[in-house]
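Encoded as structure tokens, the structure appears first; notes follow it.
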Amino acid sequence: MNSGRHYRLNIVIKRAKSGGEFLCDSPIYESARIKLFRPDIAEHAVSEVQSGTRYVLSLGWVRRN
């Protein structure tokens, strides 16, 4: 098991017509297209896509303690 702080950067390439909204209790940074958060400590989810298609580029890394 890896020890350290897990970070995730999500970049929204294409938004869904309806739904597909990113939900996070405590993001580090959040704008319409950029979401930076700690998935190891912040509860997060995406609402169901109701219409259209959603594309996201998601990059993750662990910063060792």
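Quick note: numbers below take in every heavy atom, side chains included, and nothing from hydrogens, waters or symmetry partners. Just so you know, these numbers come straight off a predicted model, no measurement behind them.
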Problem - Gap between atom NE2 of His6 and atom CD1 of Ile41 - 0.5 Å precision - result: 11.5 Å
Handout entry: Spacing of Ile34 atom CD1 and Leu36 atom CG [to the nearest 0.5 Å]
Key = 9.5 Å
With a cut-off of 3.5 Å and sequence neighbours excluded, list every side-chain donor-acceptor pair involving residues 51-62.
from, atom 1, to, atom 2, distance (Å)
Arg54, NE, Gly20, O, 2.8
Ser58, OG, Arg8, NH1, 3.0
Ser58, OG, Asn10, OD1, 2.6

Problem - salt bridge (charged side-chain N to carboxylate O under 4.0 Å, His left out) contacts touching residues 24-36 (sequence neighbours left out) - result: Glu30-Lys35
Fill in the blank from the handout: Applying salt bridge (Lys or Arg N to Asp or Glu O under 4.0 Å) to Arg15 and not counting sequence neighbours gives Glu21
Fill in the blank from the handout: side chain to side chain donor-acceptor pair (under 3.5 Å) filter on Arg38, not counting sequence neighbours, yields Asp40
Practice task
Would you please name every residue forming a side chain to side chain donor-acceptor pair (under 3.5 Å) with Ser47, sequence neighbours left out?
Solution key: none
Practice task
Not counting sequence neighbours, which residues clear ring-ring contact (aromatic ring centres under 6.0 Å, His included) with His44? List them please.
Solution key: Phe37
Practice task
Could you state whether Tyr7 and Ile11 fall into the same hydrophobic cluster, counting links through intermediate Ile, Leu, Val, Met, Phe, Trp or Tyr residues with side-chain heavy atoms under 4.5 angstrom apart?
Solution key: yes
Problem - Val49-Ile13 co-clustered via ILVMFWY side chain contacts under 4.5 Å - result: no
Exercise for the section: Check the surroundings of atom CD in Gln50: do more than 12 heavy atoms from other residues, nucleotides or ligands lie under 6.0 Å from it? Expected result: yes
